[in-house]
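Below you'll find the structure, written out as structure tokens, and then a few comments.
Start at 1 and go down the list; that is how both ligands and their atoms are numbered. Keep in mind it's a predicted model, so treat the numbers as computed, not measured.
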Amino acid sequence: MENKRLYSPNKIRETLDKYGFKFSKSLGQNFLIDGNVVRKIVKEAGITKEDYVLEVGPGMGTLTEELAINAKKVVAVELDKKLLPILDETLENYDNVEIIYGDILEIDIKNLIEEKLGGGPVKLVANLPYYVTTPIIGKLLEEGLNLESISVMVQKEVADRMAASPGSKSYGSLSVFVNFYTNPKVVVKVPKTVFMPQPKIDSSVIKLDLKKDLPEMDRDKFFKLVKAAFSKRRKTIINSLSTYGFDLEKEEIRQALEKVGIKPEERAENISVEDFIKLSTELPPLNI
Ligand code: SAM
């Protein structure tokens with residue numbers, strides 16, 4: 001294979017044509033074709049030669065190649081079988097890359113980190129397939145994996161929601177979920193022109209640094225509370241919680257809110273993650 005970096009659009013077109021590859025919309029296939037963006041993602045992810053990296057959806061290996069150059073080892077999980085022979089060719093010069101065929105939502109990531117990535121801590125880097133961004137982030141955060149950071153390209157609006165602070169329009173249950181587990185930061189804004197095929201929306205790269213010491217608490221109850229609180233954004237917190245179907249008296253909710261120092265007429269969009277945590281410990285069990 002000639003020594004030309006993968007992110008040149010001609011090189012990508014040529015390789016895909018050679019294999020008769022057709023992009024699959026349903027697998028969220030929008031490949032990166034811009035070297036500056038590829039390098040920026042890897043730089044912002046802070047990848048060094050000490051790092052074990054997990055990539056989701058290598059596509060034809062454009063980002064994978066840049067990761068391989070900068071990291072100690074890269075394991076990339078790809079669901080489209082048709083890409084496997086292409087990846088064999090495009091990454092043939094890198095002996096620190098391993099491609100795993102599978103669905104990131106199905107595979108045992110804990111085991112994969114143990115067996116192939118030195119047990120972690122691992123940095124995850126990906127240009128995520130947009131149709132499954134939230135389930136993937138959910139799985140990565142909930143499974144207690146040995147991850148140091150997650151740097152992912154997602155739809156701009158989704159990145160804004162993840163990184164939003166209380167009081168902003170984008171703040172919602174996804175913000176609380178992500179901020180419970182991580183410190184999020186939008187690190188790169190990416191126009192739609194750097195993808196093939198071009199999507200309809202712009203993207204952002206968000207870096208989630210995982211928090212090391214999560215509070216000891218009933219997480220199930222906490223996330224039930226958050227879901228109920230944001231179920232009707234326009235309602236006051238006391239009305240959202242008292243009409244959601246929990247087996248709770250309005251007075252019990254009022255007392256818990258007062259203990260935490262949240263006004264009953266406050267709206268969920270103004271309540272911080274810390275206050276939601278305190279409220280979930282003050283409330284009686286949430287039966288539903
Ligand atoms: N990383 C490449 C790039 O930046 O050019 C491709 C990114 S493309 C947005 C998403 C990739 O994820 C595709 O290669 C797609 O086949 C793959 N994919 C989709 N769903 C997946 C899943 N559930 N598990 C693993 N890979 C998946």
Look at the side chain of Asp80 and the backbone N and O of Gly59, then say whether any donor-acceptor pair between them is shorter than 3.5 Å. no
May I ask you to decide if Ser272's main-chain N or O and Asn179's side chain share a donor-acceptor pair within less than 3.5 Å? no
Looking at Gly102, which atoms of ligand 1 are within less than 4.0 Å of one of its heavy atoms? 24 (N), 25 (C)
For atom 23 (N) of ligand 1, the option (of Ile41, Leu32, Thr62, Asp103) bearing the nearest heavy atom: Asp103
So, does Lys221 use its side chain to make a donor-acceptor pair with the main chain of Ser280 at under 3.5 Å? yes
Which atoms of ligand 1 sit under 4.0 Å from any heavy atom of Gln29? 13 (C), 15 (C), 16 (O)
Can you name the atoms of ligand 1, numbered from 1 with element, that are less than 4.0 Å from a heavy atom of Glu55? 1 (N)
What ring-ring contact (aromatic ring centres under 6.0 Å, His included) pairs are there with at least one residue in residues 99-123, not counting sequence neighbours? none
Show the atoms of ligand 1 that are less than 4.0 angstrom away from any heavy atom in Leu83. 14 (O)
Mark up the atoms of ligand 1 that fall under 4.0 Å of a heavy atom belonging to Gly28, in ascending order. 8 (S), 9 (C), 10 (C)
Just let me know how Ala126 lines up against ligand 1, side chain, backbone, both or neither, with a heavy-atom cut-off below 4.0 Å. neither
Around atom 18 (N) of ligand 1, find the nearest protein heavy atom and jot down its residue, atom name and distance. Pro129 CG, 3.8 Å
